[in-house]
Chemist: 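Following this message is one structure expressed as structure tokens.
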Protein chains: 2
Amino acid sequence: MSTIKDIAKNAGVSVATVSYVLNNNRYVSPEKKERVLAAIRELNYAPNAAARGLRAGESRTIGLIVSDLSNPFYPDLAKACEDAAQKHGYAVHMINTNDRPERMEQAAAQAREGKVDGLIVASALEADRELLQSLRERGFPLVLAHRRLDGLDADLVESDNFEAGLLAARHMLRLGHRRISFLAGVAGSPISRLREAGYRQAMAEAGIDVLPAWVQSGEAKYAASYERMLGYADLPSGERPTAVINMSDIGAMGVLDAAADRGLRVPEDVAVMGFDDLFLAAFRSVRLTTVRIPRSELGRRATELLLDRIADAKLDRRHEVLPVELVVRGTCGGERG
Amino acid sequence: MSTIKDIAKNAGVSVATVSYVLNNNRYVSPEKKERVLAAIRELNYAPNAAARGLRAGESRTIGLIVSDLSNPFYPDLAKACEDAAQKHGYAVHMINTNDRPERMEQAAAQAREGKVDGLIVASALEADRELLQSLRERGFPLVLAHRRLDGLDADLVESDNFEAGLLAARHMLRLGHRRISFLAGVAGSPISRLREAGYRQAMAEAGIDVLPAWVQSGEAKYAASYERMLGYADLPSGERPTAVINMSDIGAMGVLDAAADRGLRVPEDVAVMGFDDLFLAAFRSVRLTTVRIPRSELGRRATELLLDRIADAKLDRRHEVLPVELVVRGTCGGERG
DNA sequence: GTGAAAGCGCTAACAA
DNA sequence: TTGTTAGCGCTTTCAC
């Protein structure tokens with residue numbers, strides 16, 4: 001690898017001059033400039049990032065922490081984040097925690113070492129609060145995406161989860177359902193809490209008492225949701241919920257499959273909804289009615305907020321709520337599309 | 001952010017001593033050591049990565065280039081890569097190219113700037129050959145994963161694509177099919193070429209002439225495969241392939257959906273297979289028979305090879321071929337599982 | 001055992 | 001208009 005000195009020597013100028021043409025922040029005579037450029041081409045030179053970073057005190061890289069890359073929710077968010085960052089000359093350093101706390105610690109370490117200039121946390125867990133708070137206290141730029149962490153002094157972009165729950169439940173209600181189940185996410189998850197609140201509000205508006213058996217916390221993943229639907233299927237049909245709203249599209253797939261395995265027809269015997277609107281929800285063999293969570297927008301806005309914050313640390317804290325949208329397909333009947 | 005100087009001052013020792021305890025590569029008296037450790041804790045110090053990197057001439061970071069993060073194929077590969085890298089103290093810098101050449105150039109730039117110590121390319125395109133070759137010529141550590149690039153002087157880990165094609169076609173043959181279609185990937189893709197060769201070999205073994213209409217190149221994605229299956233569906237039933245092997249599980253979903261849209265039953269009217277064995281292939285509503293491509297192993301081995309190469313640049317070039325596996329589900333009949 | 005100081009590659013203040 | 005040089009934070013050689 002050649003250095004700026006090699007270029008200077010090759011072009012017969014000082015290193016300062018090379019630096020000037022590199023950053024073009026000083027006038028350099030056309031002849032010298034051309035010689036420098038030629039030397040750069042000839043030696044295939046690229047300025048060393050570590051040296052630049054050390055000098056400038058920044059890495060021009062942001063970190064993106066996601067909890068589970070295999071969840072199709074995150075790749076879209078990550079892509080949008082990368083696109084937005086790139087537009088501003090930043091690279092994205094993605095870290096997949098698999099919800100393991102030690103991975104989060106590694107991410108924080110990278111922050112403290114200056115490997116990244118700021119962090120987007122797309123999966124903040126209660127367990128991460130202290131770590132993230134300590135980062136913030138040291139003034140480290142941080143934005144939470146998708147999952148909020150109440151009381152944490154950081155910028156936040158989320159979707160309108162209350163509205164999402166409201167939309168879902170109202171849709172079921174409109175279709176005539178009364179026994180509507182809400183299969184929530186892990187207890188304490190703010191996303192789940194908000195959506196459940198929306199669901200409860202819709203039920204209250206309709207004058208329906210929500211029975212305890214209708215609302216269950218747990219993992220929103222395929223297997224857990226499958227099991228929970230199996231539980232409903234074993235109920236006598238007069239007690240069984242006629243509609244099931246699941247915290248995620250992936251979980252809704254489990255509900256759908258469990259219903260099928262028990263000979264329950266969708267939507268005739270059970271109507272099913274999810275949240276997210278993943279690509280698989282659109283498959284003809286699925287046609288899942290769902291509430292779309294704007295993941296790309298989440299990623300893009302989070303990045304923009306972070307970049308703003310990096311540029312100006314004393315901005316007021318911001319909190320953005322992105323709109324969600326009902327997507328009607330086949331699993332509740334009344335398909336439009 | 002505090003620096004090593006702050007620690008030295010706080011602990012009343014020299015920066016050298018701080019460095020020694022940081023890296024613990026010299027004997028330091030217990031008392032001083034304790035004072036240094038205390039100062040580090042007190043000031044919440046972490047050594048600056050840029051300074052270290054500059055000094056050491058390495059970033060302890062590897063780059064992972066994937067072509068499309070939204071394709072569920074890659075996240076699993078990326079996770080395995082991250083796990084393996086982490087085990088050796090390396091971070092992973094993921095870059096999503098979306099198959100755009102300029103993104104590949106940015107990745108190469110990061111390599112030349114020393115932001116990463118080596119690169120795993122999980123989606124090498126013909127168009128990238130020159131760029132990658134020039135990196136190799138400068139001795140930059142590079143390993144190709146999943147997609148080979150003939151003639152490129154780089155380590156390679158791929159799956160046994162010829163065998164995969166063979167397995168798929170033989171499975172259909174065993175089930176009694178004769179008119180077996182192979183919906184290939186983009187023309188010229190080595191993966192597609194190899195799998196097609198396996199398919200053709202199986203057909204030849206069975207003494208069947210492969211009709212031109214049975215083999216079609218194109219995108220292996222949902223929409224393109226959907227269209228191609230629609231084309232088959234319009235054929236008189238005596239000419240229509242009774243079995244369709246698609247280059248990817250996602251594409252096979254398109255085939256499945258097109259068949260359903262045309263009232264064709266699976267597997268009675270058409271048997272369908274994919275490649276990959278994505279999580280969605282296992283859904284009860286899908287139950288796709290497929291050939292499993294070992295994506296996690298691909299990611300893990302690629303990382304190990306790269307780390308080896310970083311440690312020792314003059315290793316012989318390596319080429320590993322990972323085994324694939326037939327996964328029988330419902331879309332061809334004869335389900336075992 | 002510990003410390004002073006050189007130097008990794010770069011930028012920019014200052015001098016000329 | 002261009003060059004000299006200090007210094008970013010760290011590691012390590014060399015000296016004591």
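Here is the naming used below: chain letters follow the sequence lines, and residue numbers restart at 1 for every chain. It should be emphasised that the depicted structure is a prediction, and the values quoted were computed from it without experimental measurement.
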Chemist: Phosphate oxygens OP1/OP2 of D:dG9: is one of them under 4.0 Å from a side-chain N or O of B:T3?
Modeler: no
Chemist: Indicate whether the side chain of B:H88 and that of B:E304 have a donor and an acceptor atom separated by less than 3.5 Å.
Modeler: no
Chemist: Taking for each residue the nucleotide of DNA chain C with the nearest heavy atom, is it B:A16 or A:L54 whose nucleotide lies nearer the 5' end?
Modeler: B:A16
Chemist: Are A:S70 and B:K79 close enough that a side-chain donor and a side-chain acceptor fall under 3.5 Å?
Modeler: yes
Chemist: Please assess A:Y74 against A:S67 for the test side-chain hydrogen bond (donor to acceptor under 3.5 Å, both in side chains), listing each intermediate value before the final yes or no.
Modeler: CA-CA 8 Å; A:Y74 293 109; A:S67 61; 3.2 Å; yes
Chemist: Grab the CG-C1' distance between A:N48 and D:dG9 for me, whole Å please.
Modeler: 14 Å
Chemist: May I have the distance from B:K9 (atom NZ) to C:dA4 (atom P), rounded to whole angstrom?
Modeler: 13 Å
Chemist: Around A:E102, counting heavy atoms of other residues, nucleotides and ligands shown, do more than 12 lie under 6.0 Å from its CD?
Modeler: yes
Chemist: Has B:R52 got a side-chain N or O lying under 4.0 Å from the OP1 or OP2 atom of D:dT11?
Modeler: yes
Chemist: So, under a plain 3.5 Å distance rule, would you say the side chain of A:Y20 forms a donor-acceptor pair with the base of D:dG3?
Modeler: yes
Chemist: Quick check on contacts: within residues 25-41 of chain A, what sits under 4.0 Å from DNA chain C by heavy-atom distance?
Modeler: A:N25, A:R26
Chemist: Grab the CG-P distance between B:D6 and D:dC8 for me, whole Å please.
Modeler: 11 Å
Chemist: May I have the distance from A:L22 (atom CG) to C:dA12 (atom P), rounded to whole angstrom?
Modeler: 11 Å
Chemist: Does a side-chain N or O of A:N23 approach OP1 or OP2 of C:dT11 to a distance below 4.0 Å, or not?
Modeler: yes
Chemist: If you only use heavy atoms from C-beta on, which nucleotide in C:dA5, D:dC8, C:dG3 is closest to the side chain of B:V15?
Modeler: C:dA5
Chemist: Could you check if a side-chain atom of A:L306 sits within less than 4.5 angstrom of a side-chain atom of A:Y90, using non-hydrogen atoms only?
Modeler: no
Chemist: Does a side-chain N-to-carboxylate-O contact under 4.0 Å join A:R317 and A:D153?
Modeler: yes
Chemist: Does OP1 or OP2 of C:dT2 have a side-chain N or O of B:T17 closer than 4.0 Å?
Modeler: no
